[in-house]
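This report concerns only the one structure given below.
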Amino acid sequence: MEALPTRTAPADASPRHRQLEDSLDRIGVTGAHKQIGAMVLLGVFFDALEQNAVGLVGPVLQESWGTTAAELGLLNTVTFTAAALGRLATGVIGDKIGRRTMLTVNLLLFSLGALICAFAPVYAVVAIGRFIVGFGLGGEIAIAVTMMSEFFATRHRGTAVGIINVTAGGLGNMLAPGFGVLVFTVFTGPDRWRWLFGLLAVPALLVLFYRRFVPETPRFLLSRGRVDEANDVLNRLASGRLRGPLPEHRRFITAADSGEPVVPERNRLRDVFSGALGRRTLFLGAAVCMSYGAQISVLSLMPTILVAQGHSITTSLLFTLVMQSGSLLGALAASAAARYFPRKAVLTVAAALGCAAAFCFGFLADGVLLILLFGAAFNFCVIMLNTTIWIFAPEQFPTRVRAFGTSIILALGSLAGGLTPILAGAAFDRYGVAGMFTLLGALFVGLAVFVQFPPETFGRSMEGEEPAGTMGKETAA
């Protein structure tokens, strides 16, 4: 199946926005895009390992400090809450001063928090470290999604953003247990958990070094009226080289030469809560709450469910690891589908399949093979939904408020990830597996309804006319 024809910016877009879209289409994907992508993806991979860190060190902390299960749960709550706050703060600052700056700041916070955990003398200091880690983690993902969507042309951006969750939700979550086993094999003793936290800080510092070469996105530069800098970045992308002399310097964006006024676009963050943009935030935010809530509920409660069914702890963890293979496949499927199918169609189909998988697990999974099959299918669908929402969210907002709008949606997902497992656990305690997965299936039904309301963005430019009721026209800042 062939991708839909590439569309340039609408005729009513400003000349320089049309030139930007046409330039990105002509440039395609070069070595520079791949270098930028590799550096961003390396960061989110270690983010995924860090998100699993509390689960990895939990048994060792219980052994060395006598930490209770409730205290371990609190560390996760602190991390998720801080992630939501980090996403909001990063969105605000990223739309004000730039995406690239926040990418660096979040890596510094991530590293600082990991080191604080590694050297923590008491539980309270670990909690402080986890808050700092969570703040950096949340901002990292939000800004990574925004940047990847803005560096690539229309026909490539869905796949580019989808690969973020292939790396984080897929590979990161699958390999995290192996990372823990490796660390605890090499380092022994009651303080071996410190090595795990400490080693997670080292790769982040290395990524920070490489990210000196990541430029600001041309879309953000153009939205701030910095045409010459946007041309510089486009030349880097076209040449395939992020550093060193360029063979030639082309003026991809020449609209200003013909007299078009170039002034920064008004950066009114409150616009994401009003008018058409507000409705997009509301409906997609509700959808992501249901998707994230279902995912975190299963991640948090699956070992408990399996133990309640008579499996040992070791067997339950092994089964959970096998079922996580569905997450990697789901992220890969969403990335591929982003090139060929409309976003709302992918979300609707994945929600329907997720609902079916939930009911099958709840009512039919009475043997090991069926448990693994339906569990992997459920993870496949929920990660496909999350990945597609990551692709869909930045496409809903104009450049001037894109980072903030995207961060709002992802922050709502983080909050739902902290709250929904409470409801799912209560349903499991009272009604068993069937009751819990009936609840999760109902969440998918709601998601399928809510995603019908935002506008379809497949094959459409990210530049152009804003919806009625927003302040998208260029005005002095």
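For clarity, every value in this text was computed on a predicted model and none was experimentally measured. The analysis underlying the following values was restricted to heavy atoms, covering all of them including side chains, and did not include hydrogens, waters or symmetry mates. Position 1 is the first residue of the sequence; numbering continues from there.
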Quick one, [X] and [Y] - any side-chain contact, counting heavy atoms below 4.5 Å?
{"X": "R219", "Y": "F151", "value": "no"}
{"X": "E71", "Y": "W65", "value": "no"}
{"X": "F131", "Y": "L85", "value": "yes"}
{"X": "T438", "Y": "F359", "value": "yes"}
{"X": "L49", "Y": "F45", "value": "yes"}
{"X": "V60", "Y": "D191", "value": "no"}

Main chain of [Y], side chain of [X]: is a donor-acceptor contact present, judged purely on distance under 3.5 Å?
{"X": "E456", "Y": "K344", "answer": "yes"}
{"X": "R192", "Y": "V183", "answer": "no"}
{"X": "R87", "Y": "G138", "answer": "yes"}

**Item:** Nearest non-hydrogen partners of F444 and A294, listed with the distance
**Value:**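 Looking at all heavy atoms of both residues, the closest pair is CZ-CB, 4.0 Å.
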
**Prompt:** Will you find, in the side chains of T399 and R402, an N or O donor that is under 3.5 Å from an N or O acceptor?
**Reply:**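 Yes - a donor-acceptor pair under 3.5 Å links their side chains.
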
**Prompt:** Side chains of T79 and R130: donor-acceptor distance under 3.5 Å anywhere?
**Reply:**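 Result is yes, a qualifying pair exists.
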
**Prompt:** What residues form a ring pair (Phe, Tyr, Trp, His ring centres under 6.0 Å) with F404, not counting sequence neighbours?
**Reply:**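 Partners of F404 under the ring pair (Phe, Tyr, Trp, His ring centres under 6.0 Å) test: F273.
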
**Asked** Hey, what's the ring geometry for Y292 with W390, parallel, tilted or perpendicular (30° and 60° as the breaks)?
**Response**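 Correct class here is tilted.
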
**Asked** Under the salt bridge (Lys or Arg N to Asp or Glu O under 4.0 Å) criterion, do E395 and R343 qualify, and how do the steps go?
**Response** CA-CA 10 Å; E395 297 175 342; R343 316 298 190 222; 2.7 Å; yes

